[in-house]
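All remarks here apply to the structure that follows.
Note that the numbering runs from 1 along the sequence shown for the chain. This structure is a prediction, so every number in the text was calculated from the model and none was measured. Just so you know, these numbers use all the heavy atoms, side chains as well, and skip hydrogens, waters and symmetry mates.
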Amino acid sequence: MKQTDTEFSLATRLTRLGRDHELQQGFVNMPVYRGSTVVFKTLADLEQGNARFTYGTLGTPTIEALENAWSEISGAAGTVISPSGLGALALALLTTLKSGDHLLMPDSVYRPTRRLCTNLVEKFGIEISYYDPLIGAGIAGLLRDNTSTIFLESPGSQTFEVQDVPAITAVAKARGIKTILDNTWATPLFFRAHEHGCDLSVEAGTKYLGGHSDLLMGLVSANAETWPQLRKTYDAMAMLPGAEDCFLALRGLRTMNLRVQEAQRRGLEMAQWMAEQPEVLTVLHPAFESCPGHEFWKRDFKGSTGLFSVILKPGYDKRQLAHMLDNLEIFGMGYSWGGFESLIIPFDCRDYRTATRWNPDGLALRLQIGLEDMDDLKRDLRAGLDRLGQ
Ligand SMILES: *Cc1c(COP(=O)(O)O)cnc(C)c1O
C-alpha cells in the first residue's frame, strides 16, 4: 500500500496511512517494533550509518509510521512525537526560542502551557508577554525587535476565544517571526494549521487521536521551512513516545474521523440544549454566535468538536454547584477530554489572566460530550441543574 495517496479524501487516507502490506506480510496492521540497538552488517555500514534505522532514539518503524501518517493528514513537511501534549508544547517552544528572545502568548492559553513558560522558558532569559487572543492583526503593535515567536491557541482553553490565525501569521511572516499553534481542539481534520500560515502545529494526541482516555501523547508538525530545526531539536533530546503508545495512536487514527464527526454532532446538540435551559446565561462554543471570535471559526474551520463551556446565570453559589456536580450519575468530573466518556468541570480564570479580564456574570462550566445516549446525558444534566436551584 502506498504511503502517499493524495488523490483520496482524508477519511480514506486515515484508514491507509502508515501501513505496508508487504512489510506486514499481509496482516492489516503494523507490528509493534520495540528496540534500542540496530545491528549493522559490515564495518563500512556501521561507520557510514548505512541503514534505514540506526538506533532506537532516532526512530523505529512504529514511530515513523505514525510520524508520516500525521504529516500526511496535517499537510506538514514532518512530524515528531512526544510522550505528552505538554511535552510536545515544550519541544515546539525550544525549537523556535533562544536566550534573549521575546515570546508572545495568548492570555487564553492552556494553563499548564502558562506554567511551562513561568517555570522553564523564563529561566532561559526569554521575555514573555501575554496578549488578548482576539487582537488579530493588532499583534503588530506588540512586536519588539527581539520577538522571535508568537504562540496561538484557537479556540482558547476553557473560554473558547477563536483567534484570527491568518491575520496573526501574516504579521509574523512579514517580520520573520515563527508561529506555533496549539490545534488540539480542532485537530488537523477541522483546522488546517499549516495552510493558515502556522510554522509549527501541536496536537495533544491524548485527546481525539487516542480517543479512549488511555493514552498520553503529543505531536508537533512543521512546515517545510521549520521542519529541519524541529527535527534537530527533537533528535538532540530524544523524548520519544513508547512503542505501545504509538500502536494505540495508530489504532486511534483509523476511527478518528468517525469520532470527531460524532463529537461535532453531539457537541452541537448538547450546546444548543444547554443554551435553552433557564439556568444557563450563555454558551461558549465556537459554532455559536455567542462565542468570542465566532466569525473566525465560521471563516476558517471545517467543523467543531465535543468540548465547550457554559456560563450560568448569576446567583448560584459554591454549595449549590457542589450539590449539582457531586450527584451527577453519568458526567464525571475530570480534566482531559476527547475520550468516549462525558465530563464536566467548573473553571475560573480570574486569578491568572494578565492581558484581559475574565469576569463573567455567573459560574462557568466546561463540558466534554462523550458517546453515551444523548437523552441519558440530558436527563443527568437536567437533574443537576434542578439541584443547583435547591
Ligand atoms: C490536554 C491539552 C494539552 C496537553 O496534553 P497532555 O497530553 O495532557 O499533556 C495541551 N493543549 C491543550 C489545548 C489541551 O487541552
Side-chain angles (χ1 to χ4, degrees), residues 85-86 89 105-119 128-135 151-163 182 184-185 204 206-207 267 270-271 273-275 277-286 288 290-294 304-328 331-338 341-370 380-381 383-390:
L86 189 57
L89 289 162
M105 293 294 287
D107 215 18
S108 52
V109 75
Y110 178 61
R111 206 168 170 194
T113 307
R114 194 181 273 265
R115 216 178 299 131
L116 165 68
C117 286
T118 313
N119 293 348
I128 303 170
S129 33
Y130 288 84
Y131 67 90
D132 180 342
L134 298 171
I135 198 167
F151 191 96
L152 304 96
E153 182 179 325
S154 182
S157 275
Q158 299 182 317
T159 47
F160 291 90
E161 295 92 336
V162 184
Q163 296 197 255
D182 186 332
T184 301
W185 182 83
T206 306
K207 312 291 164 54
M270 191 60 88
W273 182 84
M274 279 301 267
Q277 304 310 301
E279 294 82 0
V280 173
L281 181 67
T282 187
V283 168
L284 300 174
H285 183 305
F288 284 61
S290 50
C291 192
H294 163 72
S304 59
T305 53
L307 188 81
F308 64 92
S309 292
V310 299
I311 309 291
L312 298 175
K313 285 191 180 150
Y316 300 112
D317 62 24
K318 188 81 164 265
R319 186 195 60 80
Q320 290 168 304
L321 181 68
H323 193 38
M324 170 185 175
L325 297 178
D326 291 352
N327 295 293
L328 289 170
F331 279 84
M333 266 187 283
Y335 298 102
S336 203
W337 43 277
E341 79 290 12
S342 289
L343 299 168
I344 189 166
I345 49 161
F347 66 91
D348 186 353
C349 317
R350 266 177 309 189
D351 291 347
Y352 58 88
R353 291 233 173 171
T354 51
T356 53
R357 276 182 67 222
W358 168 254
N359 203 9
D361 291 322
L363 297 169
L365 297 169
R366 190 191 74 179
L367 290 87
Q368 124 90 13
I369 309 306
D380 198 27
L381 284 177
L385 291 168
D386 286 343
R387 282 192 299 276
L388 194 61
Q390 286 164 14

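A cation-pi arrangement is not found for R353 relative to Y130, the charged atom failing to lie both closer than 6.0 Å to the ring centre and inside a 45° cone about the ring normal. A cation-pi geometry, defined here as NZ or CZ lying under 6.0 Å from the six-membered ring centre and within 45° of its normal, does not hold between K207 and Y335.
For the pair R387 (side chain) and H323 (backbone), a donor-acceptor distance under 3.5 Å is present. A donor-acceptor pair is defined here as one N or O able to donate and one able to accept, closer than 3.5 Å; such a pair exists between the side chain of E153 and the backbone of Y110. Side-chain atoms of D132 do not come within 3.5 Å of backbone N or O of D107 as any donor-acceptor pair. Using a distance-only test at 3.5 Å, with no hydrogens or angles considered, no donor-acceptor pair links the side chain of Q277 to the main chain of M274. A side-chain donor-acceptor contact under 3.5 Å links S290 to the backbone of V283. Counting only distance, with no hydrogens or angles, the side chain of S108 and the backbone of G156 share no donor-acceptor pair below 3.5 Å. Using modelled atom types, no side-chain atom of S342 and backbone atom of I369 make a donor-acceptor pair closer than 3.5 Å.
With rounding to the nearest 0.5 Å, the separation of CG in L363 from CD1 in I311 is 9.0 Å. S157 OG to R366 CZ: the interatomic distance, rounded to the nearest 0.5 Å, is 7.0 Å. Taken from OH in Y316 to CD in E279, the straight-line distance is 4.5 Å, to the nearest 0.5 Å. For the atom pair M333 CE and L325 CG, the distance stands at 5.0 Å (nearest 0.5 Å). The line from OG of S309 to NE2 of H285 is 10.5 Å long, rounded to the nearest 0.5 Å. Within the model, atoms CG of L321 and CG of L365 stand 6.0 Å from one another, a figure rounded to the nearest 0.5 Å.
Taking every heavy atom of both residues into account, L312 and L385 meet most closely at CD2-CD2, 4.3 Å. Of all heavy-atom pairs between T184 and W337, the closest is CG2-CH2, 3.6 Å. Nearest heavy-atom pair across L367 and L381 is CD2-CD1, 3.8 Å. Minimum interatomic distance between W358 and R350 (heavy atoms only, all atoms of both residues): O-CG, 2.9 Å. The two residues P292 and L284 make their nearest non-hydrogen contact at CD-CD2, 4.0 Å. Nearest approach of G384 to M324, heavy atoms of both residues: O-CG, 3.2 Å.
Scored by the side-chain hydrogen bond (donor to acceptor under 3.5 Å, both in side chains) test, T282 finds no partners at all (sequence neighbours excluded). Residues satisfying the side-chain hydrogen bond (donor to acceptor under 3.5 Å, both in side chains) criterion with T305, sequence neighbours excluded, are W185.
When side chains are defined from C-beta on, Q158 counts as touching C349, because their heavy atoms get closer than 4.5 Å. In this structure, P286 and S304 have side chains that are not in contact, with every pair of non-hydrogen atoms separated by 4.5 Å or more.
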Worked check of side chain to side chain contact (heavy atoms under 4.5 Å, CB included) between H294 and V162: CA-CA 6 Å; H294 163 72; V162 184; over 6 Å; no

R319 and D326: CA distance, side-chain angles, deciding distance, salt bridge (charged side-chain N to carboxylate O under 4.0 Å, His left out) verdict: CA-CA 10 Å; R319 186 195 60 80; D326 291 352; over 6 Å; no

Side chain to side chain contact (heavy atoms under 4.5 Å, CB included) between Y352 and R111, intermediate numbers included: CA-CA 9 Å; Y352 58 88; R111 206 168 170 194; 3.2 Å; yes

Derivation of the side chain to side chain contact (heavy atoms under 4.5 Å, CB included) call for M105 and S129: CA-CA 6 Å; M105 293 294 287; S129 33; over 6 Å; no

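Just one residue in the list L343, I345, I344 forms a side-chain contact (heavy atoms from CB on, under 4.5 Å) with Q368, and that residue is L343.
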